[in-house]
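Data block below; observations after.
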Amino acid sequence: MSTTYTFPKNFIWGTATSAYQTEGNNINTDWWQWEQKIRPADTMPAESSGIACDSYNRYEEDFDLCVKCNNNAVRISIEWARIEPRPGEFDQNEINHYKKVLIAAKGRGLKTFVTLHHFSNPIWFSDMGAWKNLESPSIFARYVNKCVEEFHELIDAYIPINEPQVIALMSYTLGAWPPHIASYAQSLLVQINLARAHSRAYRVIKKHGNYKVGLCQNIAWFYPAENSTNPIDNTSATVLNFMNKDLFMLPLQKYIDFIGLNFYFTSRIKEGKRENLDDVQSDMGWWIYPRGLEQVLISLKRFKKPIYITENGVADAMDKIRKAFIRDMLIATNNAMQQGVDVKGYFYWSLIDNYEWQKGFWPRFGLVEIDRENNLQRKPRPSFYYYSEICRNGKIEA
Ligand code: BGC
């Protein structure tokens, strides 16, 4: 016997991408600068982003795919380095370009969820110490202010900074991303400045009107192994969940209209160590555990804010597990909603295969394949049609 999981009529159904990962030729950024460095073949980044998916030119084709997928919203980002290539100097051509992009989305009936900073920085900002610089919140605010002045209600939901804690972790704790610093002290400073930058951006946006502003967090779920008898497991899971979620969000509650949840991971803790099961894994070795999403959603109830799942996806080049992934993650979402969690929408990551940062192009997250051998042709995978049916009907039968 099958069960029907129904979503509310006004539920937001979308897909997500970011500018750097899809547009191509973002030459004024610290990431681009890093990619151009001559390096031994075994170091990161695996390859350079180059033309990426050429979405800078092919955005209409991409939005047509969103429409074909029965989406009513799209999440994209704007590249700061294009809008402000030199400190305080704004490029009107690029601003006009993004206006065209936003009009193209809205003209197709897609609500626009727009991130203003998705990992990459303008080179000049990075030369000033990026998020380590105590002035970084006001430098960022100048750009945010310009964006609102220019884009107004072309943007339905503003997301100032994507995953602030991931920036701190990857760039300042692990040192894997530019500027390659591995220091707890600097990472802490960066998190403080990113929190300041978010609250500052919130206030700047609100000066222009009552626009919706969200905080996008990548929140993993940590839990003690089922049969664990070691009290360390429980304590570590509690501490890690707190650091990964509450620590950053609690002080920002006044500056959040909605929570943007990016969910990818669950980590099982056994005898003090991370020990995941290997029943279902993505091409990148990430463990697929939909109950983790349900748990994260339930834990977010304490913030009493509407939640949009702004990213959830799987690297699966052969499209073998993506349908089941989408089905089970949405059932987990529906279960959380039945328990009173206010989830307003879901964005699959990603609409198209794109540049997966230091790993290059091999991880394939797309509902649509990008054929890199054949003029970046867009080829919807079977899971695209599966998701499009869910978006059309607003329900899942399973
Ligand atoms: C990031 C994306 C990235 C995805 C998959 C998210 O944390 O926002 O840019 O592609 O994870 O790794």
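Counting convention: from 1, in listed order, for ligands and their atoms alike. These values consider heavy atoms only, across backbone and side chains, with no hydrogens, waters or symmetry-generated copies.
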Min over Glu356, Gln217, Glu311 of heavy-atom distance to atom 12 (O) of ligand 1 lands on Glu356

Before signing off on this row, confirm whether Glu163 and ligand 1 have an N or O atom pair separated by under 3.5 Å.
yes

If you count the atoms of ligand 1 from 1 in the order shown, which ones are under 4.0 Å from a heavy atom of Asn162?
8 (O)

Quick check on side chain to side chain donor-acceptor pair (under 3.5 Å): which of Asp30, Asn28, Thr29 does Asn121 satisfy it with?
Asp30

Sub-4.0 Å atoms of ligand 1 with respect to non-hydrogen atoms of Asn218
7 (O)

Is it true that His118 lies under 4.0 Å from ligand 1, counting heavy atoms only?
yes

Does ligand 1 have an atom that lies less than 4.0 angstrom from a heavy atom of Tyr20?
no

Donor + acceptor pair across side chains of Asn354, Thr22 (<3.5 Å):
no

Starting from the C-alpha separation in whole Å, work towards a yes-or-no answer on salt bridge (charged side-chain N to carboxylate O under 4.0 Å, His left out) for Glu61 and Arg58.
CA-CA 5 Å; Glu61 203 179 331; Arg58 293 171 76 159; 3.0 Å; yes

Quick one: are Tyr158 and Val144 in side-chain contact, heavy atoms under 4.5 Å?
no

Of Arg381, Arg372, Arg378, which meets side chain to side chain donor-acceptor pair (under 3.5 Å) against Asp353?
Arg381

Phe151 ring center within less than 6.0 Å of His208 ring center:
no

Given Tyr355, Trp286, Tyr264, Phe119, which has its nearest heavy atom closest to atom 4 (C) of ligand 1?
Tyr264

Below 4.0 angstrom from a heavy atom of Gln21, which ligand 1 atoms are there? Numbered from 1 as shown, please.
2 (C), 3 (C), 9 (O), 10 (O)

